[in-house]
Number of protein chains: 2
Amino acid sequence: MADRDIRVLVVEDEAIAAEAHTAYLGRLTGFVHAGTAGDGHSALRALAAAVAAGQPIDLVLMDMTLPDLHGLDVSRRMRAAGLTTDIIAITAVRELHIVRGAVAAGIVQYLIKPFSYATFAQKLVQYRDFRLHLGSQSAMTSQNDVDQAFASLRTPTELPRPKGLAESTLGAVIELLKLQTVPLSSSEVTEQLGISRVTARRYLEHLADTGLLDRSPRYGTPGRPENEYAWRR
Amino acid sequence: MADRDIRVLVVEDEAIAAEAHTAYLGRLTGFVHAGTAGDGHSALRALAAAVAAGQPIDLVLMDMTLPDLHGLDVSRRMRAAGLTTDIIAITAVRELHIVRGAVAAGIVQYLIKPFSYATFAQKLVQYRDFRLHLGSQSAMTSQNDVDQAFASLRTPTELPRPKGLAESTLGAVIELLKLQTVPLSSSEVTEQLGISRVTARRYLEHLADTGLLDRSPRYGTPGRPENEYAWRR
DNA sequence: CACGGTTGCGGTCATATTGGTCATGGCCGC
DNA sequence: GCGGCCATGACCAATATGACCGCAACCGTG
């Protein structure tokens, strides 16, 4: 399962958008464009046909606004038909109840239009990793294994800047770390920027929490291990 | 939505387990036990009745092994009936091949029996936070908002660890041993991870004591026999 | 065959150094 | 002048390390 390409069906009524999605797909390794459907009913037919042909679809890129059915309805009908095909929702609509319904319908990712190629790629790569995770182990032996698999669907998000962090200091820390080729510890940042260790640590921790920095302990020296931080590429 | 208690239906055929779950629920604020069902069909009836009574269920704690239907079937029927009720699956280890199906059925969390109260509480609190996240804003305004909402459902649990053991070091040791096909000695772990022998031994001993690793002496070389550790499958 | 010597890891301790928290103090806008 | 915001120093807690001793299996020599 994990070592063949992921067959993707694009469901999108606007031809230009559908072509754009298909083009984006082509730039990613591990994915194959397996067809395009312009409305809900033809999407369901295409899915059934793929199953009948012995080449089932693995993933649907589903626009939520379709001429005949709502994307959520299509998803529900897929579930009712017993399909476990994964779905990534694409929508311009940001209403809450849609998101709630999406979770219940087993939608794995949610893309808001308009999106850049980078965002698109990130979501799909994450999905690919999720499949690899599931495929690589024959059995999950612990709660932790399951949590890891679920976590691979999670996107690193930028948290809003919390109280206590100043814009300018944050910028300085980011600039410094972007220039480095090797990870820096909090005391090294302290030296370079002329700020206190406490302050440096506060900013580094925040950036690590939001996923902009990688954090890992530095072993080898006596004393408590020192965390080192690196700009994530 | 966010400011009233979350109504929970427990679906579990073994009375003792059902009572345990209910008792666990009682210890958490923000949740109300709204009933118990012993099999799939009565669960579906209870859900319909709650809707009819104007007090719909918000969350189902669903055991996967039920006398009449499989938990996944119950979930699919719920979706087919148009219910967007959220579901947390509870299952024993050997049924883990259905994780894929669970994701597609819109199951938000996955608990492996037997679980501690701490694990149970963490999953439910995560779910509560997810609802709060959604409830606090009238609309999702950005990709980032949606990502955060999804992320709050998908953060991994922390392994329980005594004082003196660091989360990241523990994770590194576990990951290293999971990758091995042959057992490793503490000095081999020392080399591979770049940590000291004392530290490696401390983590290996902890993992062996908690049953995650198998430990056995390695004979044949001069000197005191060396313990070797292997990930328990 | 027996018995002491050698060897290298098991186990423990004190030590080194950072992580993390709190109250304090300066600076800026109102 | 005053209140909020953010950096700081001081403090305690956490955790990896080196050193040290003892142990348990191999290895010679008698």
Side-chain angles (χ1 to χ4, degrees), chain A residues 158-177 180 182-230, chain B residues 158-177 180 182-230:
Chain A
E158 287 184 33
L159 303 170
R161 186 164 53 88
K163 290 278 188 193
L165 271 62
E167 179 72 43
S168 57
T169 313
L170 188 60
V173 173
I174 291 176
E175 282 300 308
L176 176 64
L177 277 155
Q180 305 300 317
V182 294
L184 288 186
S185 71
S186 69
S187 47
E188 284 156 357
V189 172
T190 294
E191 272 179 35
Q192 301 264 336
L193 290 184
I195 59 182
S196 78
R197 194 180 57 87
V198 181
T199 302
R201 233 184 50 76
R202 220 151 27 89
Y203 286 89
L204 291 168
E205 281 301 307
H206 168 70
L207 290 169
D209 285 343
T210 59
L212 288 174
L213 296 182
D214 283 323
R215 169 180 40 200
S216 66
R218 181 188 290 174
Y219 301 104
T221 57
R224 177 168 177 161
E226 185 174 18
N227 282 337
E228 58 180 24
Y229 304 85
Chain B
E158 285 186 23
L159 317 157
R161 61 196 162 80
K163 291 275 189 195
L165 299 191
E167 166 87 34
S168 53
T169 310
L170 187 59
V173 172
I174 290 177
E175 213 161 302
L176 176 65
L177 278 156
Q180 305 302 317
V182 295
L184 287 187
S185 71
S186 70
S187 46
E188 283 155 355
V189 172
T190 293
E191 270 179 40
Q192 301 265 335
L193 290 183
I195 62 181
S196 76
R197 194 181 55 86
V198 181
T199 302
R201 234 183 50 77
R202 212 150 37 87
Y203 284 90
L204 291 168
E205 281 301 308
H206 166 69
L207 289 169
D209 286 345
T210 55
L212 288 173
L213 296 183
D214 283 324
R215 168 181 40 198
S216 64
R218 179 191 291 173
Y219 300 99
T221 57
R224 179 169 176 164
E226 189 174 12
N227 282 337
E228 59 181 22
Y229 304 84

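Each chain gets a letter, A, B and so on, in the order its sequence line appears, and its residues count up from 1. Keep in mind the model is a prediction, meaning the values are calculated, not measured. Computation of the quantities below employed the complete heavy-atom set of this structure, encompassing side-chain atoms and omitting hydrogens, waters and symmetry-equivalent molecules.
D:dA14 atom P lies 15 Å from atom CD of B:Glu167, rounded to whole Å. Here the P atom of nucleotide D:dA14 and the CG atom of B:Leu170 are 17 Å apart, to the nearest Å. Spacing between atom NE2 of A:His206 and atom P of D:dA7 amounts to 13 Å, rounded to whole angstrom units. The distance between atom CZ of A:Arg201 and atom C1' of D:dC6, rounded to the nearest whole Å, is 16 Å. Across the protein-nucleic acid pair, B:Leu165 atom CG and D:dT17 atom P stand 13 Å apart, rounded to whole Å. If you measure from atom CD1 of B:Ile195 to atom P of D:dT15, you get 14 Å, rounded to the nearest angstrom. Regarding B:Arg202, its CZ atom lies at a distance of 10 Å from the C1' atom of D:dT17, rounded to whole Å. Between A:Glu228 atom CD and D:dA16 atom P there is a gap of 15 Å when expressed in whole angstrom units.
Nucleic acid contact class of A:Ser186 (heavy atoms, under 4.0 Å, all strands): sugar-phosphate only.
Here the OG-CZ distance, from B:Ser185 to B:Arg201, works out to 12.0 Å after rounding to the nearest 0.5 Å. With rounding to the nearest 0.5 angstrom, the NE2 atom of A:His206 is 9.5 Å from the CG atom of A:Leu213. Taking CG from B:Leu176 and CD1 from B:Ile195, the interatomic distance works out to 9.0 Å, rounded to the nearest 0.5 Å. Separating the CZ atom in B:Arg202 from the OG atom in B:Ser196 is a distance of 7.5 Å, to the nearest 0.5 Å.
Side chains of B:Tyr203 and B:Thr169 form a contact here, defined as non-hydrogen atoms less than 4.5 Å apart. Between B:Leu159 and B:Ile174 there is a side-chain heavy-atom pair separated by less than 4.5 Å.
Among D:dG18, D:dA13, D:dA24, the nucleotide with an atom closest to any side-chain atom of A:Arg224 is D:dA13. In this structure, of D:dT17, D:dA7, D:dC26, it is D:dC26 that holds the atom nearest to the side chain of B:Pro222. Proximity note for B:Arg197 (side chain, C-beta onward) versus D:dA25, D:dC20, D:dT8: the nearest is D:dC20.
Other residues, nucleotides and ligands contribute over 12 non-hydrogen atoms within 6.0 Å of the CD atom of B:Glu167.
Remark: of the listed residues B:Leu204, B:Thr199, B:Leu212, B:Leu204 is the sole one forming a side chain to side chain contact (heavy atoms under 4.5 Å, CB included) with B:Val173.
On the nucleic acid side, DNA chain C contacts chain A at distances under 4.0 Å to non-hydrogen atoms, with the end points of that region at C:dA16 to C:dT21.
In this structure, A:Thr199 does not reach the D:dC6 phosphate: none of its side-chain N or O atoms is under 4.0 Å from OP1 or OP2. Distances shown here put every side-chain N or O of B:Tyr203 at or beyond 4.0 Å from the OP1 or OP2 atom of D:dT15.
Side-chain atoms of B:Thr221 and B:Glu226 form no donor-acceptor pair, as typed in the model, at a separation below 3.5 Å.
Contacts with DNA chain C (heavy atom under 4.0 Å) in residues 211-220 of chain A: none are found.
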